[in-house]
Amino acid sequence: MEVFLDYCMSYCCMCCSCFCPRDFDDDLYEPLLLEEERTAVNELLNYLNREYEEKPVLSKDRQHALSILTYSHNEDLQRSAALCLAELSERLQQPIPMELMEPLIVLLESRDIETQKAASLAISNLTLYGPDSNKVTIMQSGAIHVLIRLLKSPSREIQCNACGCITTLATTDVNKREIVRCGGIPSLIKLARSQDLSVKRNAAGALLNLTHVESNRSALVSAGAVQLFIDLLDTNDTDVQYYCAAAISNMAVDETHRATVVREGNHKVLTVLIRLLQSPSDKVKCQACFALRNLASDETNQVAIVEMGALPYLQNIMQASEDETMAAAIAALRNLSIHKANEKLIIEKGFLVDLNRILHEPLLWDAHCHAAGTVRNLAAGSQANVIVEQGVLDSLIFVFLQTTSPVSVQAEITAAMAVMGSNESARKRLTNGGTGKILSRLVSLAVNSTHSEVQYNSAGTIGQMLSAGKDLTSDLISTNQSGIMTYLHQFLESVDPAFVHIALWTIMQLLNDPGFHAAFDSSELPHRIEDILKSSLPSQIKHLARTVLAK
């Protein structure tokens, strides 16, 4: 503020009686300010003096004053306009009008480096601190083309401001695509290798934001961004490490790019990410976990990550980290547990003990989701008995019976229970545990859940419990008969063949119970099954329907 005031006062006072000029050659000294320029300077000086402690407002008169200074032939006045905008930009909460963008772009394109510094700071602040509508206005004005050109400026300060502005603009998919379309990637990659840490951070942050859009990832790969991200993981700055680990995580969502990430560094990326699991920074560890999780979507990487020694570090994170980072570590473990070759080591390292503890900790919903997914993977292999013996199934049931759990948790827990239900020990635990609450909760979810996966998994678990024979008593079936009949009717009317199939399979088992058989015969269910025989459903389902009707 003081810099701007002093700067303008030096020009304004030269034209009034308070300034005592030094002797100059009259031929060499022209009048410094035109009348309208002097008026514009006074307008802005009075405005800034009066409203410095308040939220500034740019009226039409003030915008006009800024335009006069911007289009002046006096470069110092242009610099004054840029300084004024830089001063106001951090506090200006009103949406910037399109009328202001034209002079601002002119200032960004000034030949004067100091004017560019102030103007680039102003536009960066307007995107960072102003309302979201500023980003729309700036993009619609075409300023992005100028900002991308400024990335090549010799001034580190201008590079940093332009990178920061582009990073903030790259928060909507439309803007991210436009930045790539306008050729922003090559310059950002070059600046991400800058020796100036602020420039490096801002450029890496901008590139990270661009990776969130699927269509941008191919352009980033072609421009060499993958190797950049891998190289920068080795920097000592936690912000840069965080940005690059997150960028690799985003790139690894796509199968093709996932292969590119690993191939670029001949598995170096896996080694570095595993090392970052030991970072003192939780946010770096968190993104390293997510990157490993996504890379572990490929079978070969699942084995390689474990062979490279990731499990102990993931376990350390699960035992002593912030909630989000802990959940990220379990998410990585979940994908590693898919491969049968990793099952035994995961069990031997004592991960079930950690999963048991985490499932009993309240409100850790993300962690509970991934813990349940890990249990499901291990149970689908050959570890169901160990899971039961170590009490992990009881922990799943504990979470399952909490009616406050979100749908995402319900989906994962019921999926794990359905898989566990194929194991005899687990099936008995499900049917005999919870004093009937487990079956009642499953029936309630099958009937009432708005999430089809929760409904399907709940019905599948019920079917597994019924296959235990007499373990599920007639009293329990009778108590829940109304709900069971309701969801069976809903499933038989579904357009999804999987839902129809599981309903028929469940009815086949329920018909062994005399009470249910009587209720079934007097219900609408037989008629609905007859309709299935006339439908275009697959022949296997029709065959099952005939078997049900004949029973």
Side-chain angles (χ1 to χ4, degrees), residues 1-15 19 29-34 36-38 40-45 47-49 52 56 58 62-92 96 100-130 138 141 143-168 187 191 194-203:
M1 175 64 176
E2 289 78 6
V3 173
F4 173 70
L5 291 175
D6 291 345
Y7 198 81
C8 286
M9 287 295 288
S10 67
Y11 285 93
C12 191
C13 292
M14 292 179 94
C15 298
F19 179 74
Y29 200 83
E30 295 292 332
L32 288 173
L33 297 180
L34 300 174
E36 67 172 2
E37 294 172 342
R38 184 167 58 252
V41 169
N42 283 325
E43 164 69 24
L44 294 176
L45 282 172
Y47 166 46
L48 289 170
N49 272 321
Y52 180 62
L58 275 179
R62 291 159 190 164
Q63 291 176 45
H64 180 64
L66 282 168
S67 292
I68 289 173
L69 299 186
T70 297
Y71 293 107
S72 168
H73 294 296
N74 187 323
E75 287 189 357
D76 292 316
L77 290 183
Q78 294 175 1
R79 191 181 305 172
S80 298
L83 286 168
C84 180
L85 283 169
E87 172 59 39
L88 297 174
S89 58
E90 192 171 341
R91 298 178 293 120
L92 188 65
I96 54 172
L100 183 63
M101 287 308 303
E102 184 178 338
L104 181 52
I105 291 173
V106 169
L107 295 171
L108 287 170
E109 294 181 308
S110 170
R111 294 173 300 176
D112 178 63
I113 199 76
E114 296 302 321
T115 299
Q116 284 189 327
K117 286 179 181 178
S120 62
L121 176 61
I123 195 169
S124 181
N125 284 343
L126 290 170
T127 58
L128 184 61
Y129 301 113
I138 289 169
S141 73
I144 187 62
H145 297 279
V146 183
L147 288 166
I148 290 173
R149 287 200 296 273
L150 289 178
L151 294 176
K152 299 177 182 178
S153 169
S155 165
R156 292 286 187 265
E157 185 177 336
I158 293 172
Q159 290 174 356
C160 192
N161 290 338
C163 275
C165 186
I166 290 172
T167 301
T168 311
S187 294
L191 291 184
S194 169
Q195 296 303 307
D196 185 286
L197 184 55
S198 295
V199 173
K200 183 191 294 287
R201 282 175 180 166
N202 283 355

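- Heavy atoms of other residues, nucleotides or ligands lying less than 6.0 angstrom from CD of Gln63 number more than 12.
- Here the closest non-hydrogen pair linking Thr127 and Thr168 is O-CG2, 3.3 Å.
- Rounded to the nearest 0.5 angstrom, Tyr71 OH and Leu77 CG are separated by 15.0 Å.
- In this structure, Ser187 OG and Ile148 CD1 are separated by 7.5 Å, a value rounded to the nearest 0.5 Å.
- The two residues Leu83 and Ala118 make their nearest non-hydrogen contact at N-CB, 3.8 Å.
- Residues passing the salt bridge (charged side-chain N to carboxylate O under 4.0 Å, His left out) test with Asp112 are Arg79, sequence neighbours excluded.
- To the nearest 0.5 Å, atoms OG (Ser153) and CD (Gln116) are separated by 5.5 Å.
- The backbone N or O of Leu69 sits nowhere less than 3.5 Å from a side-chain atom of Ser72 that would complete a donor-acceptor pair.
- With sequence neighbours excluded, the residues forming a side chain to side chain contact (heavy atoms under 4.5 Å, CB included) with Arg156 are Gln159, Ser194, Asp196, Val199, listed by chain and number.
- Here the closest non-hydrogen pair linking Pro103 and Ser67 is CG-OG, 3.9 Å.
- Closest heavy-atom contact between Thr167 and Asn202: OG1-O, 3.1 Å.
- Contact of the Asn125 side chain with the Leu85 side chain is not registered, since no non-hydrogen atoms from C-beta on lie closer than 4.5 Å.
- Counting heavy atoms from C-beta on, the side chains of Ile138 and Ile96 come closer than 4.5 Å.
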Steps toward side chain to side chain contact (heavy atoms under 4.5 Å, CB included) verdict (Ile123, Met101): CA-CA 9 Å; Ile123 195 169; Met101 287 308 303; 4.1 Å; yes

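- Rounding to the nearest 0.5 Å gives a distance of 9.5 Å between CG of Asn161 and CG of Leu150.
- With a 4.5 Å cut-off on side-chain heavy atoms, Ser155 and Lys117 count as touching.
- For the atom pair CG of Leu126 and CG of Leu100, the computed distance is 7.5 Å after rounding to the nearest 0.5 Å.
- Residues Ala82 and Ala119 come closest through the heavy atom pair CB-N, 4.0 Å.
- No donor-acceptor distance shorter than 3.5 angstrom exists from the side chain of Ser110 to the backbone of Val106, with no hydrogens or angles considered.
- When all heavy atoms of Leu121 and Ser89 are compared, the closest pair comes out as O-OG, 4.3 Å.
- With rounding to the nearest 0.5 Å, the separation of CD in Glu109 from CG in Leu104 is 10.5 Å.
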